[in-house]
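Report on the structure given below.
Values below: all heavy atoms of this structure, side chains included; hydrogens, waters and symmetry mates excluded. Below, read A as the first sequence line, B as the second, and so on, with proteins coming before strands; counting in each chain starts at 1.
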Number of protein chains: 2
Amino acid sequence: MTTTERPLDQAYEFDRGIAVRRRAGGEYAADLDPGWRIGGGLNGGYVLAVVGNAVRHRLAGEGHPDPLAVGVHFLSPARPGPATVRTRLLRAGGRHATVAATLSQPDDGEADRVSVLATYGDLARADGEVRTTHPEPQLPPLRDCLPGSAAPTGLKQAAPLLDRLGTRLDPACLGWARGEPSNRGVMQGWFRFADDRPPDPISLLLVVDALPPTTMDLGMPGWAPTLELTVHVRAAPAPGWLKVRHLTRNLAGGYFEEDCDVWDAAGRLVAQSRQLALQPR
Amino acid sequence: MTTTERPLDQAYEFDRGIAVRRRAGGEYAADLDPGWRIGGGLNGGYVLAVVGNAVRHRLAGEGHPDPLAVGVHFLSPARPGPATVRTRLLRAGGRHATVAATLSQPDDGEADRVSVLATYGDLARADGEVRTTHPEPQLPPLRDCLPGSAAPTGLKQAAPLLDRLGTRLDPACLGWARGEPSNRGVMQGWFRFADDRPPDPISLLLVVDALPPTTMDLGMPGWAPTLELTVHVRAAPAPGWLKVRHLTRNLAGGYFEEDCDVWDAAGRLVAQSRQLALQPR
């Protein structure tokens with residue numbers, strides 16, 4: 001039994017938060033959890049993980065347990081409460097399956113929150129050679145990094161997800177908090193779930209969107225709404241702390257890209273993502 | 001009148017190749033052009049540009065003429081001949097519109113070739129500050145780079161698109177042709193269309209997929225099928241030659257990512273893309 005075939009363990013906050021119940025015709029019911037709130041909306045990576053979990057259920061028993069390439073376009077802000085995920089199988093058979101999915105919520109009728117295209121496969125079968133030239137991020141030791149749970153009370157009330165993430169941020173990326181951003185466009189740190197839920201491929205859909213935006217390190221505080229996010233999961237992560245590094249290299253015309261790399265405790269590059277977001281006003 | 005509002009000029013091969021005819025209900029007819037063939041299929045960037053053009057037509061008059069973030073999952077190999085693009089508007093109003101689209105072809109019934117999610121906007125309105133830290137690629141002068149049209153006759157018969165691209169490849173990336181790949185995972189060069197069609201946002205959907213795969217520079221000749229490709233168009237390109245750089249930093253378990261950056265003649269980073277592809281066998 002591989003990690004990803006293990007029955008969902010609802011002992012963990014993340015698994016309770018992404019749980020889905022099957023309805024007819026490729027439709028799944030979810031209940032978006034207010035604990036993953038950040039400001040007025042829900043964390044985009046959390047919403048994507050709910051959809052990713054519905055896609056995993058849709059493909060159960062087909063030999064494609066793992067997200068390989070998942071792209072999401074954000075249409076309107078998701079809110080805590082009931083949601084429906086509609087899935088449509090676009091391709092099956094062979095090594096990969098592709099599913100289109102939308103998540104919608106009741107909202108003056110019904111409103112789509114996100115639209116997703118997802119190609120799944122089996123990372124346990126991805127056992128070829130590994131040639132990685134991308135350098136692993138250099139992070140200060142855990143004891144020198146700052147937990148999100150240590151944020152001021154006001155911020156924690158606006159962002160209850162800080163208590164669910166065991167993130168420890170590199171202080172070199174937090175100069176903005178005292179008005180001295182590094183202007184490198186970097187945000188990096190260590191990641192684990194606060195309740196020690198082990199990392200797996202589905203959880204990486206959240207991990208790549210769990211740190212503060214790089215625009216803070218560019219001296220632009222405030223919310224940076226994501227238009228589009230694509231995640232490539234490249235390997236099932238080993239247990240333990242993850243290293244997460246976000247980098248922006250082109251802020252232009254009111255938009256910026258944010259690349260994220262996630263490394264596991266075994267030193268393997270397990271996920272790469274890129275998003276296009278709006279520069280904070 | 002901005003560049004992207006100009007009526008389609010069918011004087012150019014690319015514009016004839018991506019032309020669509022409107023049917024009812026958000027449906028468009030296209031005729032995929034054998035001139036963009038590479039091996040047994042059609043170039044993925046060309047197929048994406050056909051879909052991108054249909055989306056542009058779907059949004060005509062709505063104030064969202066330009067692709068900003070476009071993700072495509074490849075479902076089956078597209079072939080020259082008739083095709084249907086079905087578009088569905090997911091979000092309109094405000095600064096952005098999002099459309100879902102599929103391209104299908106008659107094939108023992110009908111088969112989907114690609115599925116696309118596309119967020120469009122107006123690059124003419126994206127006039128904020130530009131802060132780019134990503135370095136512009138250093139390319140040898142044009143006269144020292146190699147045109148695809150100089151490829152051996154056998155290769156050109158298998159890849160007629162080589163005659164339509166004015167690509168000039170950096171010889172440092174072509175060591176594989178004599179059994180001496182650089183193993184850097186880089187493929188870069190200059191790009192223009194052979195018939196001097198000026199670059200615009202839609203054409204960048206092709207440009208990011210027009211060079212040989214980076215796996216050749218890693219000593220792995222052969223076809224590298226793309227699973228997923230996401231393109232961010234960051235600015236309308238200035239007239240003139242484009243610089244295109246592809247880089248792979250993680251080949252692992254039979255998959256590799258390929259990042260592409262496109263710079264225009266004015267030294268601006270105009271597009272960023274990433275694809276996940278299968279390592280050649």
Side-chain angles (χ1 to χ4, degrees), chain A residues 68-76 88 90-91 95-96 98-100 102 112 115-119 121 123 125-135 183-185 218 227-230 232 234-235 247-257 259 261 268-269 272-276 278-279, chain B residues 68-76 88 90-91 95-96 98-100 102 112 115-119 121 123 125-135 183-185 218 227-230 232 234-235 247-257 259 261 268-269 272-276 278-279:
Chain A
L68 299 186
V70 181
V72 53
H73 290 239
F74 293 92
L75 305 172
S76 62
R88 196 160 55 89
L90 301 178
R91 167 176 60 159
R95 287 170 64 189
H96 305 102
T98 301
V99 171
T102 56
D112 285 348
S115 189
V116 172
L117 286 173
T119 292
L123 288 168
R125 291 177 58 196
D127 52 2
E129 141 187 59
V130 178
R131 287 167 69 173
T132 307
T133 57
H134 194 46
N183 286 313
R184 297 176 305 156
L218 293 171
L227 291 177
E228 185 271 340
L229 166 66
T230 299
H232 294 171
R234 305 298 304 276
L247 174 64
T248 292
R249 292 178 287 195
N250 188 38
L251 180 136
Y255 300 88
F256 67 103
E257 98 288 1
D259 285 359
D261 303 305
R268 180 145 180 195
L269 180 52
Q272 293 173 295
S273 77
R274 175 175 288 165
Q275 58 176 271
L276 185 68
L278 294 175
Q279 179 181 331
Chain B
L68 300 186
V70 181
V72 53
H73 290 239
F74 293 92
L75 306 172
S76 63
R88 196 160 56 89
L90 300 178
R91 168 176 59 160
R95 287 171 62 190
H96 305 101
T98 301
V99 171
T102 56
D112 285 348
S115 189
V116 172
L117 287 173
T119 292
L123 289 169
R125 291 178 59 196
D127 52 3
E129 153 188 47
V130 178
R131 286 167 70 171
T132 306
T133 56
H134 195 46
N183 286 314
R184 297 177 305 156
L218 293 171
L227 291 176
E228 186 270 341
L229 166 66
T230 299
H232 293 171
R234 304 299 303 278
L247 174 64
T248 293
R249 292 179 287 196
N250 188 37
L251 179 136
Y255 301 87
F256 68 103
E257 98 289 2
D259 284 359
D261 303 305
R268 180 143 180 195
L269 180 52
Q272 294 174 292
S273 77
R274 175 173 288 165
Q275 59 176 270
L276 185 68
L278 293 175
Q279 179 180 332

Reported NE2-to-NE2 distance for the pair B:His96 and A:His73, which is rounded to 0.5 angstrom | 12.0 Å
Are any of the side-chain heavy atoms of A:Arg95 and B:Leu278 separated by less than 4.5 Å?
-> yes
Using a strict cut-off of less than 4.0 Å between a Lys/Arg side-chain nitrogen and an Asp/Glu carboxylate oxygen, indicate whether B:Arg274 and A:Asp259 qualify as a salt bridge.
-> yes
A:Ser115 versus chain B, heavy atoms under 4.5 Å apart: side chain, backbone, both or neither?
-> both
Chain B heavy atoms under 4.5 Å from A:Thr119: which part of the residue, side chain, backbone, both or neither?
-> both
So, do B:Glu228 and A:Leu68 sit near enough that their side-chain heavy atoms are less than 4.5 Å apart?
-> no
Most contact-rich option vs chain A, by heavy-atom pairs under 4.5 angstrom, among B:Pro135, B:Gly254, B:Ala126, is B:Ala126
Student check: side-chain heavy atoms of B:Leu276 and A:His232 closer than 4.5 Å = yes
Picking from A:Thr248, A:Asn183, A:Asn250, what satisfies side chain to side chain contact (heavy atoms under 4.5 Å, CB included) with B:Arg131?
-> A:Asn183
Non-hydrogen atoms of chain A under 4.5 Å away: do they reach the side chain of B:Leu247, the backbone, both or neither?
-> neither
dist A:Glu257:CD -> B:Leu269:CG (nearest 0.5 Å) comes out at 7.5 Å
Okay, A:Val116 and chain B: the region with an atom under 4.5 Å from a heavy atom over there is backbone
A:Ala100 portion near chain B, given a 4.5 angstrom heavy-atom threshold = neither
To the nearest 0.5 Å, atom CG of A:Leu251 lies from atom CZ of B:Arg234 at 7.5 Å
Side chain, backbone, both or neither: which part of B:Thr98 has a heavy atom under 4.5 Å from chain A?
-> side chain
Cut-off 4.5 Å, heavy atoms of chain A, and the answer for B:Ala118 is backbone
So, the part of B:Leu123 with a heavy atom under 4.5 Å from chain A: the answer is neither
Grab the two heavy atoms, one from A:Leu227 and one from B:Arg91, that are nearest each other, plus how far apart they are.
-> CD2-NH2, 4.0 Å
Return the option, out of A:Thr132, A:Leu117, A:Leu75, with the maximum number of heavy-atom pairs under 4.5 Å with chain B.
-> A:Leu117
Among B:Leu90, B:Leu218, B:Asp127, which residue forms the greatest number of heavy-atom pairs with chain A at distances under 4.5 Å?
-> B:Leu218
